[in-house]
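Single-structure report; data block below.
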Amino acid sequence: MTDSKYFTTTKKGEIFELKSELNSDKKEKKKEAVKKVIASMTVGKDVSALFPDVVNCMQTDNLELKKLVYLYLMNYAKSQPDMAIMAVNTFVKDCEDPNPLIRALAVRTMGCIRVDKITEYLCEPLRKCLKDEDPYVRKTAAICVAKLHDINASMVEDQGFLDQLKELLSDSNPMVVANAVASLTEINEASSSGQPLMELNAATMNKLLTALNECTEWGQVFILDALSQYSPKDEREAQSICERITPRLAHANAAVVLSAVKCLMKFMELMVSDSEFVKNLTKKLAPPLVTLLSSEPEVQYVALRNINLIVQKRPDLLKHEMKVFFVKYNDPIYVKLEKLDIMIRLASEANIVQVLSELKEYATEVDVDFVRKAVRAIGRCAIKVETSAERCVSTLLDLIQTKVNYVVQEAIVVIKDIFRKYPNKYESIISTLCENLDTLDEPEARASMIWIIGEYAERIDNADELLESFLEGFHDENTQVQLQLLTAIVKLFLKRPTDTQELVQQVLSLATQDSDNPDLRDRGFIYWRLLSTDPGAAKEVVLAEKPLIAEETDLIEPTLLDELICHIASLASVYHKPPSAFVEGRTGLRRALPKSSGGSDNDSAGDQQQQQQQPTVIPNQDSLIPDLLNMDINAPPVVPTAQSAFSGGTLDLLGGGLDSLLGGSGAEVGSSPAPGIPPVAPSSTAGLLGDIFGITSSSAPVYSPPKQIWLPANRGKGMEITGTFSRKNGVISMDLTLHNKAMQPITGFAIQLNKNSFGITPAAPLNVPAPLAPNQSIDVSLILSTSGPVQRMDPLTNLQVAIKNSVDVFYFATVMPMHIFFCEDGAMDKRVFLSTWKDIPSQNEVQFNIENINMNADGLSTTDGISNKLQSSNIFTIAKRNVEGQDMLYQSIKLTNGIWVLTELKVQPGNTTIVHDSVNLTASFKCKQNASAFDDLSLKSRATDVAQGIFEAFDGILHF
Amino acid sequence: MEFYMCVYTSCAVCQTSSKMLGGLFIYNHKGEVLISRVYRDDIGRNAVDAFRVNVIHARQQVRSPVTNIARTSFFHIKRANIWVAAVTKQNVNASQVFEFLLKMLEVMSSYFGKISEENVKNNFVLIYELLDEILDFGYPQNTDTGVLKTFITQQGIKTASKEEQSQITSQVTGQIGWRREGIKYRRNELFLDVIEYVNLLMSPQGQVLSAHVAGKVVMKSYLSGMPECKFGINDKIVMDAKRDVAGSSDESQRSGKTSIAIDDCQFHQCVKLSKFETEHSISFVPPDGEFELMRYRTTKDISLPFRVIPLVREVGRTKMEVKVVIKSNFKPSLLAQKIEVRIPTPLNTSGVQLICMKGKAKYKASENAIVWKIKRMGGMKESQISAEIELLQTDTKKKWTRPPISMNFEVPFAPSGFKVRYLKVFESKLNYSDHDVIKWVRYIGRSGLYETRC
């Protein structure tokens, strides 16, 4: 029988023809017609017009036909809800059918039809089916509860299906138990209350573990996945569960094996790490993991991604199994790349010889990605295993001799890292590297080569010529190459000042005058000033010792690793990302590995170890010389996290030389930043630049609320963000402190703001100059403009922020202080003020009290002091009068979106008897809002929204 | 610098999170949909197109079997010209998805043979019926072919009696889902095939880079009733456990010689795993007919049946000389069969002259290889082929990377040293005993990936 003919009917009038065939008396013809309909449906044709005719075929004793009709129903019921009702009777009847297969089919299909009226009729049959005498019906009904929950969660709870489902956990049939577990787990994660619906207690555990031995392979996976979420009360219980799970490691199904591995990895955390039990368990884990590598390539891929996590968590587990990760000629590329990754993780002194000869073999393969990764791997081996460094370098040299372009480029990039790890050891090969200068066309390779030339300028006779050759196309180069070239030439100059003066002047002018890249310009200026002021200091800065680079790179950050271990076998473990990164909506609780309760000593030991292991950083390629910004000459060796470090050491250094350096060209340089470009430099250099460009910060201290923690480190995967907002000289900025509490350097920062009430949007991209090393923090100032899209938020000043970095994307919300929207031109004419004040209806007036103003605080002893202080935040006092011994201040404020706010501030002396040296006073103020400024009338009634923010601004400024 | 801000907007409307597959599609190589079955509401018709556009028609070949497109994950398997894709928006168990897809293909091919476009189209009704049965709301259900065939047939409805129906359902869900009651044979018989695949990667200098044996025990059982079987092998751990019980040093010496170290083994679902874990005994109630009882892997003390010695010499830019010697390394009384040596040739080969002492050799231009076939070869022998390869002069700089020389063969022994010690059958209800069962054991060693670099 050939059903393929159904795919080929494309003639006109097809629907009409099908209609008549569906209504045919002959059973065979009917069935043929339904098949045609399904075939059309499959290829995406709309056959919904045939709904009534197809449903008419439903009442049949032919099971095959019935299934086809049901398939049609599941597809189209949603688009034809009224007609779908026609099917209800048949469904209900089928649920009573003596044949269990038909009963199950009916309840299975009904659950898939997302039409409210059908769902209503589902409850009764479902209740019966959950208690059906036949296990096949019960196992189908168990899943159906999850379907119903997906359609209508409250119905499941109201109708008591949950209790029925829980009872099924004790069913005599293992498959029913497994499906009930699957269903409950799903409902659990989806439940809005967040309360666990299925409590895993010792009794249920026992039932599940028993069912585990008897149910199908898939059922075992459901149960194991559910078990992995159980937290045993003590080590003993964890051990006994592990003992019962371990046999699963010998199952032929990779999913069962991996789910079992997940449980074991998780429960092992609860045990004393050097106990006999754990040692035995680790021994048992290795062979099944290796066996997974002989399954189909797709399964191998999932297994390899997981093994990658497992060897990071427990490096000893597979240390003797290096050979199985050797790449086979016929492996699909995705398997090859993953194997390579694991090979490097397992590389050690014991096996390095073998690994290297393999890697060399791979470097001659055809696939470009694979070859590149292999070359890079050789470099990583050199850095990881010191004894092999020499062998690695000679292997890399051999590869460079092949002259295969991408191999050469990749080799140069890694050799640069090797130079950093083992200084003064392998520099003899530099001449070979220089021979390949012309072939390098990738920015990373060019930058690396230039770095090498600059770093070893004194040993390369023609270094100046080589670097000069790059200068010709300076403006066509990638930024990282430009930065590298600038630094390299400065290094060269410092080493050989006599004959390279011209070169350094050339590059400095290219960087500072002809470039519109702020990073490049800044670095250029800094070098320029350093060189002209104090070449000695410049030498110390530019030629300073660099920290050694770490052995292990691209390790997954420990908290993320722990979370991923809890997700072994799942998609998260394949992507190496937490589920929240790729699953929409609520994803349930974040999983964390359990902490061993018995060993608090253990814990702290672990922490210490972590700290010790904390690697120093291979700087990201785009900024090979973060050293420059981290440099501190006179100051104590603190990492300069804030402006202060700079104003201490560096400003001194630069102070005197300013005029001489900028002497003649001073005006030119000063005007060189293009007018449109806001000063986006990070605040650590802002002070410095401000000084250069003569920007004086305003003399009165400008109010800015203290920094608050916006994103705690545990939510930010190690990145902590504190921040505040400020307004200086008409520029609104978001001042952030990024603190890296993770183990890895973080790079690639970017920020995005959601639409908000004031149209706040970044005026420039977030500029974090260097990779943020572990335990380092950096202050960044982000200039904001108010030209973005507007969307009303609640509260009005709410701002939703997304920050991206190399780890992940993080979302948080913060409240902007209102004062940052107060414009500099907010002073209203006296008369206009008076008439506007009168025009605004009194229902638009709101009153607040500001209490406990410290009169002794600078300048607040008089009303003048108050108005001065307010004026610095652009709250302008228009008039002042004294009524019955009380001072009244009348003030105006203009917001960035054109709204005028008029205020009346009444100053009342407070209770003076309680505290003597700090006089308290109570101030109250009225807030009137110019309704005419609103185009949108609906906003008029909500004037209070702005008022609340204004009040908080006053409160903040006056208490500042 | 684009990333979604949707967390904010979707939070309020997001309702549920499901945990299994949302849909399953089968395409032909052109990307036309042959089968489309959606299980979850969060997967729409656009997912069908997304996969076609981003994976099947992707300009750059997709380099992973898992692809994330707009927060939807696609798992795919490609076999011949058919793409099978499973779709989900949730954090599903990835290994389960792939295992399921593979199992599904296995079930399908046991119904209608090869998975091809023609066969899929011809059987689409059956496939839909199967998909309805083996996947419910995205959760895999019983996928055992034998069981499925009892109630999903292409013969339309079987008017089964009530007893038959309940027998079917208890089998689908039952504890022994793989065997039905009431099987009867006049002659109780069983066959055991120990099939091993030797995998080898050898360096040109003859150094073993990696070697392992992947073995399986395939059993064909024709036994009446519900027999309990006990299976004994010469695994070190099992033997040691036995020895401890026996406690006689005499026996330990005898068995110690022949025991082998199995790195890892896996069993058919009929084997009681907990019993294997605690007592190291393999006991089970076998399915009727043929099934794979166990799979195992060994890496130690493998006797490699053949050794390949390559010698490649490049004579100038247009000529290459290749000489390959193979040596058989097993008892002279045994005979290897179906020997085939495949020697890769460069892409710019223009002609090949071959001389071999034994068998037949041919240059196959379409496969870029010299294929040398020998029907039979005894143990401890050696044979040789030499080839002169003429090359076209090319100006492409790209170097030819010499793929390894691969080899195929079949030998009548188990290269790992694996031995079946016993297989005992107990059936308490019927009156036949272990002695009445006729048992056959056969050992076959085949080449897996048997490669020598040159």
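- With a threshold of 4.5 angstrom between heavy atoms, A:Pro288 approaches chain B through its backbone and through its side chain.
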Working note: A:Gln354 + B:Gln207, criterion side-chain contact (heavy atoms from CB on, under 4.5 Å); need CA distance, chi angles, decisive distance, verdict.
CA-CA 11 Å; A:Gln354 268 185 316; B:Gln207 189 186 8; 5.7 Å; no
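- For the pair A:Val583 and B:Arg71, the tightest heavy-atom approach, listed with the atom from each and the gap, is O-NH1, 3.3 Å.
- Here the shortest heavy-atom pairing between A:Trp218 and B:Pro140 reads CG-CB, 3.5 Å.
- Using modelled atom types and a 3.5 Å distance limit, the side chains of B:Gln141 and A:Asn179 yield a donor-acceptor pair.
- In summary, the side chains of B:Ser73 and A:Tyr575 do present a donor paired with an acceptor at a separation below 3.5 Å, with no hydrogens or angles considered.
- Proximity to chain B (any heavy atom under 4.5 Å) is shown, for A:Ala146, by both the backbone and the side chain.
- With B:Gln266 contributing its side chain and A:His251 its backbone, the two residues share a donor-acceptor pair below 3.5 Å.
- Only the side chain of A:Asp367 has a heavy atom closer than 4.5 Å to any heavy atom of chain B.
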Does A:Glu321 form a salt bridge (charged side-chain N to carboxylate O under 4.0 Å, His left out) with B:Arg297? I'd like the steps, not just the answer.
CA-CA 13 Å; A:Glu321 305 287 348; B:Arg297 188 169 50 81; 5.5 Å; no
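- A salt bridge does not link A:Glu298 with B:Lys78: every distance from a Lys NZ or Arg NE/NH1/NH2 to an Asp or Glu carboxylate oxygen is 4.0 Å or more.
- If you measure heavy-atom distances from A:Leu71 to chain B, the contacts under 4.5 Å come from the side chain alone.
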With side-chain contact (heavy atoms from CB on, under 4.5 Å) as the criterion, how do A:Leu63 and B:Glu129 come out once you've worked through the C-alpha distance, each side chain's angles and the decisive distance to 0.1 Å?
CA-CA 10 Å; A:Leu63 199 56; B:Glu129 200 176 338; 5.7 Å; no
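- Between A:Lys78 and B:Asp41 a salt bridge is recorded (basic side-chain N to carboxylate O distance below 4.0 Å).
- Interface remark: A:Asn306 contributes no atoms to any contact with chain B (heavy atom separation under 4.5 Å).
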Verify side-chain contact (heavy atoms from CB on, under 4.5 Å) between A:Leu571 and B:Thr88, making sure each step is shown before the conclusion.
CA-CA 10 Å; A:Leu571 258 182; B:Thr88 183; 4.0 Å; yes
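- Residues A:Pro579 and B:Asn91 approach most closely at CG-ND2, 3.5 Å, considering heavy atoms.
- Contacts of A:Tyr301 with chain B are made by side-chain atoms alone, with heavy-atom separations under 4.5 Å and no backbone atom involved.
- Looking at A:Thr216 and B:Asn142, their side chains never bring a donor and an acceptor atom within 3.5 Å of each other.
- In this structure, chain B has a heavy atom under 4.5 Å from the side chain of A:Asp134, while its backbone stays farther away.
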Take A:Tyr334 and B:Val66, measure what side-chain contact (heavy atoms from CB on, under 4.5 Å) needs, and give me the verdict at the end.
CA-CA 10 Å; A:Tyr334 52 81; B:Val66 186; over 6 Å; no
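- When atom types are taken as modelled, the side chain of B:Gln96 and the backbone of A:Ala255 share no donor-acceptor pair closer than 3.5 angstrom.
- Residue A:Ser295 does not touch chain B at all, counting heavy-atom pairs closer than 4.5 Å.
- Contacts of A:Phe326 with chain B are made by side-chain atoms alone, with heavy-atom separations under 4.5 Å and no backbone atom involved.
- At a 4.5 Å heavy-atom cutoff, A:Lys403 makes no contact with chain B through either its backbone or its side chain.
- Using a cut-off of 4.0 Å between Lys/Arg side-chain N and Asp/Glu carboxylate O, B:Arg453 and A:Glu358 are scored as salt-bridged.
- Heavy-atom distances place the backbone of B:Asp263, and not its side chain, under 4.5 Å from chain A.
- More than 12 heavy-atom neighbours from other residues, nucleotides or ligands sit within 6.0 angstrom of NZ on A:Lys323.
- Contacts between A:Val290 and chain B at a heavy-atom distance below 4.5 Å involve backbone atoms as well as side-chain atoms.
- Neither the backbone nor the side chain of A:Lys66 has a heavy atom closer than 4.5 Å to any heavy atom of chain B.
- Within the 4.5 angstrom heavy-atom criterion, only side-chain atoms of A:Leu105, from C-beta onward, approach chain B.
- A:Phe222 touches chain B through its side chain: at least one heavy atom from C-beta onward sits under 4.5 Å away, while N, CA, C and O do not.
- Heavy atoms of B:Ile77 lying under 4.5 Å from chain A belong to its backbone as well as its side chain.
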